[in-house]
Amino acid sequence: MSVTYSSYLKVDELLQCQKPLSEGPEHDELLFIIIHQSYELWFKQVLHELDFLVRLFNAGDRNRALHTLKRVDTIYRTLIQQVDILETLTPLEFMSFRDRLSTASGFQSFQFRELEFLYGAKDARKLENYEPGSDHYQRLQKRLQAPTLWDAFLNFLAHEGHKVPESELNRDFSQVAEPSPAVQKILIDVYRNDPLVSEICEALVDIDTSLQQWRYRHVKMVERTIGSKMGTGGSAGVGYLQGTLFRPVFPDLWAIRSEF
Ligand code: HEM
C-alpha cells in the first residue's frame, strides 16, 4: 500500500493517545491533555536539535550551529505563546477534573529534566523522582554524566583558538559549571573581534531569555488557575515555582554585559 498522510504520520495512533480520566468526560480535560502532549512533542524536537548542536559545536561548524540555535529559540517562542491557550482555562474549569491528576505533575516530565541537564542545570537529586533502572531514570543518568551544551560551546571556542582553561574543558560534567572569569574574558574578546561567534553567543542568550520567559508565563498561569494551592506534584505550588525564576543557564554570558 502506498504511503498516505495518515499512515506516514501515524495519525490514528496519535489520536488514540488522548484519554480523559474524568466522568463524562469533563469538557476541558481534553485541552489539558493535548497541550501537555504538544509540549512533550516539542521537547522531543528540542532535545533532537540540541544533541545535533552539541555535535556541530564539537565539529566547529559555526554556520549550522547558529542556524540550529535560531530554530530552537523559534520553537521556544511558540511554546511561550501556547501558555495563552491554557490561560483560557478558568479555576472552576480546571477544578472539574484536577482530582483525577492525583500526584501527576509537570514536575515529573523527564524530557524537561533532560533539557535542564543538557542546558547545564545538573542536579542528581532530580533522579529520585524516577524508578531506578527504568528507561526514564537511565536517560536522565546519561544526561547527568554527559557534557552540557555550554561544555560543547567551550570546546568550540577552544577549537577556534581561544585559550579556554583545561579545568573548564575537563571538569566533572555531573556538576553545575561555576561562572568563570577566564571564560568571561574570552567572551568579551569574542564580542569585540568575532562577529559570527558573537552572534552565536547572542543566540544562546535568546534561548536563555526564552527559557526564563516560559517559566514566568507558566508560574503566572499557575497562579491564576490554582492560586496558593499546593501542586499535584506535592510542592508548595506557586511559591516553589517562583524560586525557579530568573536563573540563567548561561551565567557567563550575562556577567559580561556590563563590561562594554
Ligand atoms: C493548568 C495548567 C497547569 C498547572 C495548574 C500547573 C501547575 C504546576 C505546579 C503547581 C507545579 C509545581 C510542582 C507541583 O507541585 O506540581 C508545576 C511544575 C511544572 N509544570 Fe506545570 N502546570 C500546568 C501546566 C503545565 C504545562 C502545560 C506544562 C508543559 C509541559 C507544565 C510543565 C511543568 C514543569 C516542567 C514543571 C516543573 C518545573 C520545575 O520543577 O522547575 N505545566 N506545574
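Whatever order the structure lists ligands and atoms in, that order sets their numbers, starting from 1.
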Determine whether the aromatic ring centres of Trp214 and Phe112 lie less than 6.0 Å apart.
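Between Phe112 and Trp214, which both carry aromatic rings, the centre distance is below 6.0 Å.
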Kindly say whether the aromatic ring centers of Tyr130 and Tyr137 come within a distance under 6.0 Å.
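That pair fails the under 6.0 Å test.
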Look at Asp61 together with Arg55 and state whether they make a salt bridge at an N to O cut-off of under 4.0 Å.
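Here Asp61 does not pair with Arg55 in a salt bridge, since their nearest N and O are not under 4.0 Å apart.
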Carboxylate-amine/guanidinium contact Glu116 Lys126, below 4.0 Å:
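The answer is yes: the pair qualifies as a salt bridge.
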Checking a contact table here: which protein heavy atom is nearest [atom], and how many Å away?
{"atom": "atom 1 (C) of ligand 1", "result": "Phe32 CE1, 3.7 Å"}
{"atom": "atom 30 (C) of ligand 1", "result": "Tyr39 CB, 3.6 Å"}
{"atom": "atom 24 (C) of ligand 1", "result": "His36 NE2, 3.4 Å"}
{"atom": "atom 39 (C) of ligand 1", "result": "Tyr240 OH, 3.3 Å"}
{"atom": "atom 12 (C) of ligand 1", "result": "Ser235 OG, 3.4 Å"}
{"atom": "atom 5 (C) of ligand 1", "result": "Phe94 CE2, 3.6 Å"}

Heavy atoms only, cut-off 4.0 Å: how does [X] contact ligand 1, side chain, backbone, both, or neither?
{"X": "Arg113", "value": "side chain"}
{"X": "Arg215", "value": "side chain"}
{"X": "Val83", "value": "neither"}
{"X": "Glu40", "value": "neither"}
{"X": "Trp214", "value": "side chain"}

[X] side chain near [Y] side chain, heavy-atom distance below 4.5 Å:
{"X": "Val222", "Y": "Tyr240", "result": "no"}
{"X": "Thr148", "Y": "Phe153", "result": "no"}
{"X": "Arg125", "Y": "Glu128", "result": "yes"}
{"X": "Leu187", "Y": "Leu157", "result": "yes"}

Which atoms of ligand 1 are found less than 4.0 Å from any heavy atom of [X]?
{"X": "Leu86", "answer": "2 (C), 24 (C), 27 (C)"}
{"X": "Phe112", "answer": "35 (C)"}
{"X": "Gly233", "answer": "14 (C), 15 (O), 16 (O)"}
{"X": "Thr244", "answer": "41 (O)"}

Under 4.0 Å, counting heavy atoms only: does Met221 come that close to any atom of ligand 1?
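Met221 counts as a contact of ligand 1 under the 4.0 Å cut-off.
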Give a yes/no on ligand 1: does Gly234 have at least one heavy atom closer than 4.0 angstrom to it?
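Per 4.0 Å heavy-atom rule, Gly234 contacts ligand 1.
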Linked, directly or transitively: Leu154 and Leu253 (ILVMFWY side chains, under 4.5 Å)
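Leu154 and Leu253: one cluster.
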Pairs satisfying salt bridge (charged side-chain N to carboxylate O under 4.0 Å, His left out), at least one member in residues 1-18, at least two apart:
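Non-adjacent pairs meeting salt bridge (charged side-chain N to carboxylate O under 4.0 Å, His left out): zero.
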Qualifying residue, where the test is salt bridge (Lys or Arg N to Asp or Glu O under 4.0 Å) with Glu49 and the options are Arg71, Lys44, Lys70:
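Looking at Arg71, Lys44, Lys70, the match for Glu49 under the salt bridge (Lys or Arg N to Asp or Glu O under 4.0 Å) is Arg71.
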Selection residues 223-238 - residue pairs positive for side chain to side chain donor-acceptor pair (under 3.5 Å), sequence neighbours left out
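Only Lys220-Glu223 qualify under side chain to side chain donor-acceptor pair (under 3.5 Å).
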Quick test of your reading: applying side chain to side chain donor-acceptor pair (under 3.5 Å), list the pairs with at least one residue in residues 96-110, sequence neighbours left out, ordered by first then second residue.
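Listed by first then second residue: Glu40-Ser109.
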Does Arg113 count as lying over the ring of Phe107, i.e. NZ or CZ under 6.0 Å from the six-ring centre, within 45 degrees of the axis?
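So Arg113 does make the cation-pi contact.
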Among protein atoms, how many N/O/S atoms lie less than 2.8 Å from atom 21 (Fe) of ligand 1?
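For atom 21 (Fe) of ligand 1, protein nitrogen, oxygen or sulfur atoms under 2.8 Å: 1.
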